[in-house]
2 protein chains.
Amino acid sequence: MNTRRKSPVNIISTEVHHCSMDLRLKILGRLPFFIDLNPSELMMINQRFNSLGFKKDEFIYYSGDPAERMFVVAEGKIKLFQPGFERRNVLLNILLEGDLFGNLTVFGSSTYTDTAQSLTSSCILSISSQSFGEILKEFPSLAIKSLQVMEKRLIAANKRVFEISTLPAEKRIVVTLLTLVEKVGKQTNQGVLIDAPISREDLAEMTATTPETVSRVMSQFQSSGVIESGRKWISIVDWDAFQQLANVESP
Amino acid sequence: MNTRRKSPVNIISTEVHHCSMDLRLKILGRLPFFIDLNPSELMMINQRFNSLGFKKDEFIYYSGDPAERMFVVAEGKIKLFQPGFERRNVLLNILLEGDLFGNLTVFGSSTYTDTAQSLTSSCILSISSQSFGEILKEFPSLAIKSLQVMEKRLIAANKRVFEISTLPAEKRIVVTLLTLVEKVGKQTNQGVLIDAPISREDLAEMTATTPETVSRVMSQFQSSGVIESGRKWISIVDWDAFQQLANVESP
DNA sequence: CTGCTTCCATGATATAGATCAGTTAACTGC
DNA sequence: GCAGTTAACTGATCTATATCATGGAAGCAG
């Protein structure tokens with residue numbers, strides 16, 4: 001029987017209206033997209049962005065809405081998912097500071113193909129697709145950088161297809177945890193904390209399984225001392241043992 | 001007990017060395033990529049491409065190889081898959097004339113993340129990633145068009161993740177057949193023929209299931225008169241009934 | 001602090017489809 | 001045309017995990 005613990009995940013409470021101009025410039029200047037631009041170019045681009053604050057669990061846009069804007073996470077964490085309605089959702093991505101989402105291509109899909117919801121209270125920068133298109137034309141190197149973002153996402157999506165198609169549930173959960181560690185892992189004196197409030201249900205939606213199965217697997221890992229876990233938090237405490245679990249050759 | 005039939009899929013026997021200069025110009029000039037270029041620009045780009053002939057079942061490149069080239073299907077059909085080695089493969093895509101594959105971004109992944117194999121004997125055009133990068137720089141509108149290709153593929157991949165995550169095997173098979181019809185469907189007097197030599201195993205690799213399950217489902221559809229099918233061929237003969245099967249709301 | 005909500009863990013049972021095995025006929029190569 | 005190969009079909013059995021149900025405790029709001 002595992003002891004439950006209090007959550008070590010520190011959910012920063014961002015004031016909803018607290019998207020300052022400085023934060024905007026700071027984020028934009030650090031994006032791979034804009035990193036080669038000079039300050040005056042950056043300032044020009046900055047002026048085309050709006051900033052928006054979202055409370056925890058608020059929706060930023062819905063799947064099926066007209067895809068008219070591109071977004072950047074300035075602060076906070078966002079989850080992108082495809083709603084399953086009568087079936088389960090499929091959680092596509094967890095986004096952090098600096099990540100782009102929404103309509104990234106200006107001209108493609110006329111509606112959003114996923115739904116964006118805040119995991120934590122967040123500050124989001126937003127630009128209209130039209131403005132973004134103008135920027136891409138004005139700075140062709142930015143279009144090339146868009147390609148880099150898209151490629152990474154496509155590779156990740158195909159990897160996901162492979163995993164869901166070929167791995168048993170336990171392994172799927174392990175490789176998904178690894179991905180999360182890579183993205184939002186934070187070294188603590190008690191191992192590697194996945195520094196985002198991820199529930200069993202979220203994990204289930206990421207691994208094509210059910211919250212109960214996730215719970216069983218996590219409980220098992222906890223019993224063997226590989227992880228410590230509680231309500232919306234997970235820490236990998238025995239990294240070597242965990243890596244063994246991720247050994248895909250041994251189904 | 002269903003009667004097996006002879007295959008109506010006409011596998012054109014392309015002479016392996018038969019990639020003429022005319023065919024090259026014809027294909028390149030028709031690509032969304034190059035459709036806005038004038039003939040002299042097109043000729044210049046054409047000169048950077050090589051052409052290669054592949055026999056049926058030959059490999060064009062392997063997952064893990066250095067990703068040094070971009071490819072275009074001039075003639076024939078190609079399958080992209082991720083090898084599963086001790087487990088089953090995952091078939092990612094069927095490509096036809098005009099489709100791009102390989103390294104599409106010049107600068108991203110250093111190795112191919114899939115394996116390309118010819119379904120039929122094929123003529124393939126190929127350009128080095130470096131040359132392709134130069135073309136993208138020289139014609140920035142082509143970079144934007146690359147984005148369009150990538151976006152469509154990303155949307156399709158996420159759709160695939162959703163389907164595999166949420167739909168039972170039968171439904172997965174149906175929606176996959178629909179996708180194939182959309183891509184390589186050919187109207188005949190006996191319904192819509194999927195005009196590519198797709199085996200039960202291929203379908204299984206596309207739908208995260210086994211050849212036996214695919215066989216059972218197909219046999220069932222055949223018994224109800226919805227499709228006709230045989231060795232590496234499928235025809236949808238009752239389109240309305242088939243559309244009913246694809247009704248995703250009714251699992 | 002208390003009451004309520006919701007997330008997590010666990011047990012029992014059911015089920016979708018994977019696995020294993022064997023047969024048949026379409027296809028290929030000589 | 002013939003022999004051999006292999007793709008497809010079908011049956012029996014097994015298995016991973018989904019489904020259903022319940023209880024406990026962390027977290028939230030007043």
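Each chain gets a letter, A, B and so on, in the order the sequences are listed, and its residues count up from 1. All values below were derived from every heavy atom in this structure, side-chain atoms included, with hydrogens, water molecules and symmetry-related copies excluded.
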How many Å lie between [atom1] on [X] and [atom2] on [N], as a whole number?
| X | N | atom1 | atom2 | result |
| --- | --- | --- | --- | --- |
| L203(B) | dA8(D) | CG | C1' | 12 Å |
| Q220(B) | dA8(D) | CD | P | 18 Å |
| E170(B) | dA16(C) | CD | C1' | 12 Å |
| I173(B) | dA16(C) | CD1 | P | 14 Å |
| I164(A) | dA18(D) | CD1 | P | 12 Å |
| W233(A) | dC8(C) | CH2 | C1' | 13 Å |

SB check K183(A) D195(A) (cutoff 4.0 Å): no
Touch class at under 4.0 angstrom, heavy-atom based, for S199(A) against every strand present: sugar-phosphate
Pairwise 5' ranking along DNA chain D for E212(A) and A169(A), keeping only the more 5' one: A169(A)
R231(B) side chain, from C-beta outward: closest of dA9(C), dA18(C), dA8(D): dA8(D)
Output yes when at least one side-chain N/O atom of [X] is less than 4.0 Å from OP1 or OP2 of [N], else no.
| X | N | result |
| --- | --- | --- |
| S219(A) | dC8(C) | no |
| S215(B) | dC9(D) | yes |
| T213(B) | dA18(C) | yes |
| T210(A) | dT17(D) | no |
| T209(B) | dA18(C) | yes |

With V181(A) via side-chain contact (heavy atoms from CB on, under 4.5 Å) - residues at least two apart: V192(A), I194(A), I236(A), W239(A)
Check: dT19(D) base within 3.5 Å donor-acceptor of R216(A) side chain: yes
Within 45° cone and under 6.0 Å: K159(A) NZ/CZ vs F162(A) ring: no
Output field: ring centroids F71(A)/Y61(A) closer than 6.0 Å: yes
By side-chain hydrogen bond (donor to acceptor under 3.5 Å, both in side chains) - contacts of S126(A) (at least two apart): R69(A)
